[in-house]
Amino acid sequence: MLIPTVKEVPADAEIPSHRLMIRAGLMRKLASGTYTYLPLGFRCLQKVINIVREEMNKSGGQEILMPSVQPLELWQQTGRDVDYGPTMAKFKDRHGRFNVLAPTAEEVVTKIAADEISSYKQLPFNVYQISFKFRDEFRPRFGVLRSREFLMKDAYSFHADTVSLDETYKVMYDTYCRIFKRCGLDYVIVEAESGEMGGSGSHQFTIPCENGEDIIVHTADGSYAGNLEKAAVDPLPKQNFDAEIPAPEDVHTPDTGSIEAVCAFLKTKPEQMIKTLICKTHTLKDSYKEMQEYEVTHRDGRGRMVGKIHFTKRYVVLVRGDHDVNEEKLTSLLGGIHIELADEKDIERITGAKVGFAGPMGLASKNCPLIIDHAVAAMAVGVTGANKTDYHTKNVVPGRDFPLDGDDVTIADVRNAVEGDTYNGKKLLFKKGIEVGQVFKLGTKYSTKLNTKFLDENGKEKICTMGCYGIGINRIIASAIETGYDKDGIIWPISIAPFEVIITPIGNDEQIRDTAEKVYAELIDSGVDCLLDDRDVRGGVKFKDADLLGIPIRITVGKKSIADNSVEIKLRSEAQAEKIPVEKAASATAELINSLREKLNP
Ligand code: ATP
Ligand code: MG
């Protein structure tokens, strides 16, 4: 068998799951964010796929398979060519047509429904596929946790109304609980923003662990759990300031473009600063900056962009110096419109100063709506940029020196929750996690754009309502390792381990070899997934590799045990082995497997 275990790992393998997947010979890197699964790794993948497939089928999912290469045109119809930006890989084929490497498949499946569904009698239905997705992630890392090519199970449901969607959403939610439980993962379900997907409701299934890239925000009593993008915070109480605050005063603050630099210079604290961000709506052009050719073909003879009208609108966003803007909350506030930091040139034109010296005073009147975070509105007084290069303004009072109300002013929760925040009066706690799956109520976002209609009971034309449900197959494997390993190697849950049992004969004695072969044959006959380590190497090497591979049950056939006609059975997760007579080895192992499986039974 090709099981190339190694001691050394490449420097880019920063976290345990990545290191162990290389060391145990489960996979090898081909290029940034792409991996080849070797036999053991592929066996793990297959086991996860089988669990996902079984549970999806039980819940009424129907398996299909959609193309990975999809026409860009279809993505233009929903506007997601822009939303995905450079994360979606695009290429031109030999006939000059533009294609994308599918990062997901809402467009294709919605088109299928548009073409095939005509009556309410065909609804609801739920189709899914297990296939490769490609996302040109800005920073692929952590092995298969964030790769560019990965296997996803993506399901899509179609409904006549939201009541039917809610039913299927609940079914999928419960299905996900069963899938992750069967995979041996301790998951937490959090409320999520629906992000690029759009729609109204979403939950993420997250595995709490130190190396997760997601932040789970929750209350101690478990009454609330959301991810950082979503987690709402209570507004802070309005600060009181007894003394009269003098008029705003500009101070010379040379070379202090960052919050830290200004604070050091003026001896203030970040929470006394008002960060002023000049933002703009995302434009079609930005998303194709890297693709000159595409732009040319989509401009008319005079070089104007054809097809869509895109214009840029500016916003001024204010958050406290110690807070971070939450893009998802901003997008939600603006009804789905994405905004991002404006270009340097833009900022200089609007503020009249170099980047780093923007302030809210006078900007609202320049056709830039002000979006003010609650925490800024609650400040009694602060320091902010003076809209003058190398100057900041002290004694700035919100409401006095810049407006807190009016047509162009919105006060809202637009920042990330931080330590000390509350929600519904309860203290918010933070922990890291890995997102392994997400479910979305999409509503009619895609069906409207792709014209997916049907006739209802009264013969009236209606738009389909949709849901979608994703699982990262590779991430399940990495998460299982991230939460199941020790200094010697992986500790797999029985359900997704590459093998359930490993037999390690120690010594070259014929009786030992024969006994190992016999137990192996019995286990294979009874359907157990069993690996026999018949290599001609020392016992120590076999034990080390068995621990590294993490196979849940090890049967050792050695000189000592064979003398009283027995073998040793040991769990990878426990230190103690048990002696069992040879003739009972197979049945005792089968029992052990059953009891391990029982624990993962939903
Ligand atoms: P993330 O926020 O981590 O980038 P996502 O929310 O964009 O992920 P979805 O669009 O919800 O991902 O995709 C469904 C599932 O696919 C995710 O829950 C995750 O398990 C998996 N997945 C997404 N991106 C990657 C990736 N780059 N590598 C491996 N798995 C991924
Ligand atoms: Mg997601």
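Being a predicted model, the structure only gives us computed values, none of them experimental. Whatever order the structure lists ligands and atoms in, that order sets their numbers, starting from 1.
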Proximity to ligand 1 by part of Glu435, non-hydrogen separation under 4.0 Å = both
Around the Mg ion (ligand 2), number of protein N/O/S atoms which are nearer than 2.8 Å | 2
Which option, Glu229, Arg148, Arg146, Lys153, owns the non-hydrogen atom nearest atom 3 (O) of ligand 1?
-> Arg146
Look at Asp346 together with Arg314 and state whether they make a salt bridge at an N to O cut-off of under 4.0 Å.
-> yes
Which one of Arg141, Arg135, Lys133 has a non-hydrogen atom at the shortest distance from atom 9 (P) of ligand 1?
-> Arg135
Heavy atom of Val144, distance to ligand 1 below 4.0 Å = yes
With heavy atoms of Gln438 as the reference, note each atom of ligand 1 found under 4.0 Å away.
-> 6 (O), 11 (O)
So among Val144, Ile51, Ile49, which one has a side-chain contact (heavy atoms from CB on, under 4.5 Å) with Ile473?
-> Ile49
Applying a strict 4.0 Å limit to heavy atoms, is Ile476 in contact with ligand 1?
-> no
With distance as the sole test, does Glu482 use its side chain to make a donor-acceptor pair with the main-chain N or O of Ile15 at under 3.5 Å?
-> no
Starting from the C-alpha separation in whole Å, work towards a yes-or-no answer on side-chain contact (heavy atoms from CB on, under 4.5 Å) for Tyr156 and Thr104.
-> CA-CA 11 Å; Tyr156 308 87; Thr104 165; 3.6 Å; yes
Between Leu531 and Ile3, is any pair of side-chain heavy atoms under 4.5 Å apart?
-> yes
Compare all side-chain heavy atoms of Arg182 with those of Glu54 and state whether any distance is below 4.5 angstrom.
-> yes
Can an N or O of Ser147 be found at a distance shorter than 3.5 Å from an N or O of ligand 1?
-> yes
If we only count N/O pairs under 3.5 Å, is Gly470 in contact with ligand 1?
-> no
Presence of salt bridge, Glu149 and Lys133, under 4.0 angstrom | no
Minimal heavy-atom distance between Pro270 and Ile259, with the atoms involved, is CB-CG2, 4.1 Å
Asn326 and Glu229: side-chain donor and acceptor closer than 3.5 Å?
-> no
Non-hydrogen atom of Val436 closer than 4.0 Å to ligand 1 | yes
Quick one: look at Thr104 and ligand 1, take heavy-atom pairs under 4.0 Å, and tell me if it's side chain, backbone, both or neither.
-> neither
Between Arg475 and Phe150, is NZ or CZ placed under 6.0 angstrom from the six-membered ring centre and within 45° of the ring axis?
-> no
Would you check whether Gln204 has a nitrogen or oxygen atom less than 3.5 angstrom from a nitrogen or oxygen atom of ligand 1?
-> no
May I ask you to check if ligand 1 and Glu137 share an N or O to N or O distance below 3.5 Å?
-> yes
Per-atom filter on ligand 1: closer than 4.0 angstrom to a heavy atom of Gly437 are 18 (O)
Below 3.5 Å, can you tabulate the donor-acceptor pairs from side chains in residues 64-73 to any protein atom, sequence neighbours excluded?
residue, atom, partner, partner atom, Å
Gln70, OE1, Trp75, NE1, 3.0
Gln70, NE2, Pro67, O, 3.0

Compute whether any side-chain donor of one residue and acceptor of the other, for Ser59 and Arg178, lie under 3.5 angstrom apart.
-> yes
